[in-house]
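First comes the structure, then the notes that go with it.
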Amino acid sequence: MMKTVQCGNVSETEAVGRELAKAIDGAGIRSAVIAMFGEMGVGKTAFTRGFSSYFGIPGVKSPTYTVVNEYRGGGTSVFHFDMYRIEGEDDLYSIGFDDYLAKPGYCIIEWSENIREFLPDGYIAVTVSRTDGADGRKIGISLPDGLKEKVIL
(Lines give C-alpha, C1' and ligand atoms only; values in the text may rest on other atoms or scores of the structure.)
Protein backbone atom coordinates (compact mmCIF):
# COMPACT_ATOMS: atom_id res chain seq x y z
CA MET A 1 0.00 0.00 0.00
CA MET A 2 1.27 3.45 -0.90
CA LYS A 3 -0.17 6.67 0.42
CA THR A 4 0.85 9.96 -1.17
CA VAL A 5 0.32 13.34 0.50
CA GLN A 6 0.97 16.85 -0.81
CA CYS A 7 2.32 19.36 1.72
CA GLY A 8 2.60 23.11 1.34
CA ASN A 9 4.79 23.91 4.33
CA VAL A 10 6.88 22.50 7.17
CA SER A 11 3.91 22.26 9.55
CA GLU A 12 2.06 20.04 7.09
CA THR A 13 5.14 17.85 6.69
CA GLU A 14 5.31 17.46 10.48
CA ALA A 15 1.58 16.63 10.53
CA VAL A 16 2.13 13.74 8.10
CA GLY A 17 4.83 12.38 10.42
CA ARG A 18 2.41 12.62 13.37
CA GLU A 19 -0.25 10.83 11.33
CA LEU A 20 2.09 7.91 10.63
CA ALA A 21 3.07 7.67 14.31
CA LYS A 22 -0.60 7.68 15.34
CA ALA A 23 -1.44 4.96 12.80
CA ILE A 24 1.46 2.75 13.89
CA ASP A 25 0.74 3.26 17.57
CA GLY A 26 -2.97 2.63 17.00
CA ALA A 27 -2.10 -0.70 15.39
CA GLY A 28 -0.13 -1.68 18.50
CA ILE A 29 3.23 -1.60 16.75
CA ARG A 30 5.89 -0.57 19.26
CA SER A 31 8.99 -1.10 17.11
CA ALA A 32 9.52 -0.33 13.43
CA VAL A 33 12.14 0.79 10.95
CA ILE A 34 11.18 3.83 8.91
CA ALA A 35 13.52 4.26 5.97
CA MET A 36 13.46 7.79 4.59
CA PHE A 37 14.48 8.63 1.04
CA GLY A 38 14.94 12.07 -0.51
CA GLU A 39 17.46 14.72 -1.40
CA MET A 40 18.99 17.21 1.00
CA GLY A 41 16.63 19.76 2.51
CA VAL A 42 13.32 18.17 1.52
CA GLY A 43 11.96 17.80 5.05
CA LYS A 44 13.06 14.41 6.36
CA THR A 45 13.91 15.88 9.76
CA ALA A 46 10.62 17.84 9.83
CA PHE A 47 8.78 14.56 9.20
CA THR A 48 10.75 12.94 12.05
CA ARG A 49 10.00 15.90 14.33
CA GLY A 50 6.29 15.40 13.67
CA PHE A 51 6.51 11.63 14.18
CA SER A 52 8.31 12.10 17.50
CA SER A 53 5.95 14.84 18.68
CA TYR A 54 3.09 12.31 18.66
CA PHE A 55 4.90 10.55 21.53
CA GLY A 56 5.54 13.83 23.35
CA ILE A 57 9.19 14.02 22.29
CA PRO A 58 10.29 17.64 21.71
CA GLY A 59 13.49 19.10 20.30
CA VAL A 60 14.20 16.72 17.42
CA LYS A 61 17.17 17.98 15.42
CA SER A 62 19.06 16.64 12.43
CA PRO A 63 21.66 14.01 13.38
CA THR A 64 23.93 15.11 10.52
CA TYR A 65 27.11 15.34 12.59
CA THR A 66 26.26 12.85 15.32
CA VAL A 67 24.94 10.13 12.94
CA VAL A 68 22.29 9.08 15.49
CA ASN A 69 20.21 10.95 18.04
CA GLU A 70 18.28 9.04 20.70
CA TYR A 71 15.00 10.41 22.03
CA ARG A 72 12.70 9.05 24.71
CA GLY A 73 9.22 10.09 25.69
CA GLY A 74 5.69 8.85 26.05
CA GLY A 75 6.96 5.38 26.95
CA THR A 76 8.82 4.94 23.66
CA SER A 77 12.20 5.51 22.05
CA VAL A 78 13.03 7.07 18.70
CA PHE A 79 16.46 6.48 17.17
CA HIS A 80 17.01 9.08 14.45
CA PHE A 81 19.82 8.26 12.00
CA ASP A 82 21.53 10.27 9.28
CA MET A 83 23.31 7.90 6.89
CA TYR A 84 24.61 10.61 4.55
CA ARG A 85 28.25 9.97 5.46
CA ILE A 86 27.95 6.20 5.96
CA GLU A 87 29.94 4.34 3.35
CA GLY A 88 29.40 0.68 4.12
CA GLU A 89 29.06 -2.16 6.53
CA ASP A 90 32.10 -1.17 8.62
CA ASP A 91 30.62 2.28 9.26
CA LEU A 92 27.28 0.73 10.26
CA TYR A 93 29.05 -1.65 12.62
CA SER A 94 31.00 1.21 14.22
CA ILE A 95 27.81 3.11 15.10
CA GLY A 96 26.11 -0.03 16.48
CA PHE A 97 23.38 -0.03 13.83
CA ASP A 98 22.37 -3.66 14.43
CA ASP A 99 22.15 -3.00 18.17
CA TYR A 100 19.70 -0.16 17.56
CA LEU A 101 17.60 -2.36 15.28
CA ALA A 102 17.28 -4.89 18.12
CA LYS A 103 16.10 -2.31 20.68
CA PRO A 104 12.42 -1.62 21.26
CA GLY A 105 11.43 1.64 19.60
CA TYR A 106 11.37 3.32 16.21
CA CYS A 107 14.45 3.63 14.01
CA ILE A 108 13.99 6.52 11.58
CA ILE A 109 16.75 6.50 9.00
CA GLU A 110 17.48 9.51 6.80
CA TRP A 111 19.47 8.86 3.61
CA SER A 112 18.36 5.23 3.51
CA GLU A 113 19.38 5.09 -0.15
CA ASN A 114 22.98 4.95 1.12
CA ILE A 115 22.40 1.73 3.07
CA ARG A 116 19.56 0.12 1.09
CA GLU A 117 21.22 -3.32 1.09
CA PHE A 118 21.50 -3.25 4.89
CA LEU A 119 17.89 -2.29 5.65
CA PRO A 120 15.97 -5.05 7.43
CA ASP A 121 12.99 -6.72 5.81
CA GLY A 122 9.65 -5.16 6.63
CA TYR A 123 10.68 -1.52 6.80
CA ILE A 124 8.27 1.35 6.17
CA ALA A 125 9.49 3.47 3.24
CA VAL A 126 8.94 7.23 3.30
CA THR A 127 9.95 9.18 0.21
CA VAL A 128 9.99 12.98 0.33
CA SER A 129 10.39 15.08 -2.80
CA ARG A 130 10.01 18.71 -3.80
CA THR A 131 7.00 19.98 -5.70
CA ASP A 132 6.23 23.44 -7.06
CA GLY A 133 6.99 26.30 -4.69
CA ALA A 134 9.64 26.80 -2.06
CA ASP A 135 8.02 24.63 0.61
CA GLY A 136 5.91 22.26 -1.48
CA ARG A 137 6.54 18.58 -0.83
CA LYS A 138 5.17 15.23 -1.90
CA ILE A 139 5.43 12.48 0.71
CA GLY A 140 4.94 8.85 -0.22
CA ILE A 141 4.50 6.25 2.52
CA SER A 142 4.77 2.60 1.59
CA LEU A 143 3.92 -0.12 4.09
CA PRO A 144 5.40 -3.62 3.87
CA ASP A 145 3.06 -6.57 3.38
CA GLY A 146 3.01 -7.50 7.08
CA LEU A 147 1.70 -4.06 8.10
CA LYS A 148 -0.75 -3.31 5.30
CA GLU A 149 -3.60 -5.06 7.12
CA LYS A 150 -2.77 -3.55 10.53
CA VAL A 151 -1.91 0.10 9.86
CA ILE A 152 -4.62 2.37 8.53
CA LEU A 153 -3.29 5.52 6.90
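Only a predicted model underlies this, so the values are computations on that prediction, with no experimental measurement involved. All heavy atoms count here, side chains included; hydrogens, waters and symmetry mates do not.
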Rounded distance (nearest 0.5 Å) linking atom [atom1] of [X] with atom [atom2] of [Y]:
X	Y	atom1	atom2	result
S11	R18	OG	CZ	8.0 Å
K150	L143	NZ	CG	11.5 Å
M36	T48	CE	OG1	5.0 Å
I109	D82	CD1	CG	11.0 Å

Considering non-hydrogen atoms only, spot the tightest contact between [X] and [Y] and give its length.
X	Y	result
I29	S31	CG2-O, 3.3 Å
R72	S77	CG-OG, 3.5 Å
P63	E110	CD-OE2, 4.3 Å
P104	F79	O-CE1, 3.8 Å
A46	V10	CB-CG1, 4.0 Å

Residues, nucleotides or ligands: over 12 heavy atoms within 6.0 Å of K61 NZ: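 Count not over threshold, so no.
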message: Just checking E117: does its CD atom have more than 12 heavy atoms from other residues, nucleotides or ligands closer to it than 6.0 angstrom?
response: yes
If hydrophobic clusters are built by linking Ile, Leu, Val, Met, Phe, Trp and Tyr wherever their side-chain heavy atoms come under 4.5 Å apart, do [X] and [Y] end up in the same one?
X	Y	answer
M40	I115	yes
V67	L119	yes
I24	Y123	no
F37	V42	no
Y84	Y100	yes

field: Centroid-centroid distance, F51 to Y106, less than 6.0 Å
entry: yes
- prompt: Ring centroid separation for Y71 and F55, is it under 6.0 angstrom?
  reply: no
Heavy-atom distance under 4.5 Å between the side chains of [X] and [Y], does that happen here?
X	Y	answer
L92	E89	no
P144	D121	no
I108	V78	yes
I95	V68	no
V151	I124	no
I86	F118	no
D90	S94	no
V128	T13	no

query: Can N69 and V60 be said to form a side-chain contact (heavy atoms from CB on, under 4.5 Å), step by step?
result: CA-CA 8 Å; N69 289 334; V60 170; over 6 Å; no
Electrostatic pair D25:K22 at N-O distance under 4.0 angstrom: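 No, no charged N to carboxylate O under 4.0 Å.
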message: Between the side chains of E12 and R137, is the shortest nitrogen-to-carboxylate-oxygen separation below 4.0 Å, so that they form an ion pair?
response: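 Salt bridge between R137 and E12, a charged N being under 4.0 Å from a carboxylate O: no.
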message: side-chain contact (heavy atoms from CB on, under 4.5 Å), that's the test. Do W111 and R85 meet it? Break it down for me.
response: CA-CA 9 Å; W111 294 100; R85 290 177 176 79; over 6 Å; no
query: So, is the end of the K44 side chain (NZ or CZ) under 6.0 Å from the ring centre of F47 and within 45° of the ring's axis?
result: no
field: Donor-acceptor under 3.5 Å (E39 side chain, S129 main chain)
entry: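 A pair under 3.5 Å: no.
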query: Okay, side chain of N114, backbone of M83: is any donor-acceptor separation there less than 3.5 Å?
result: yes
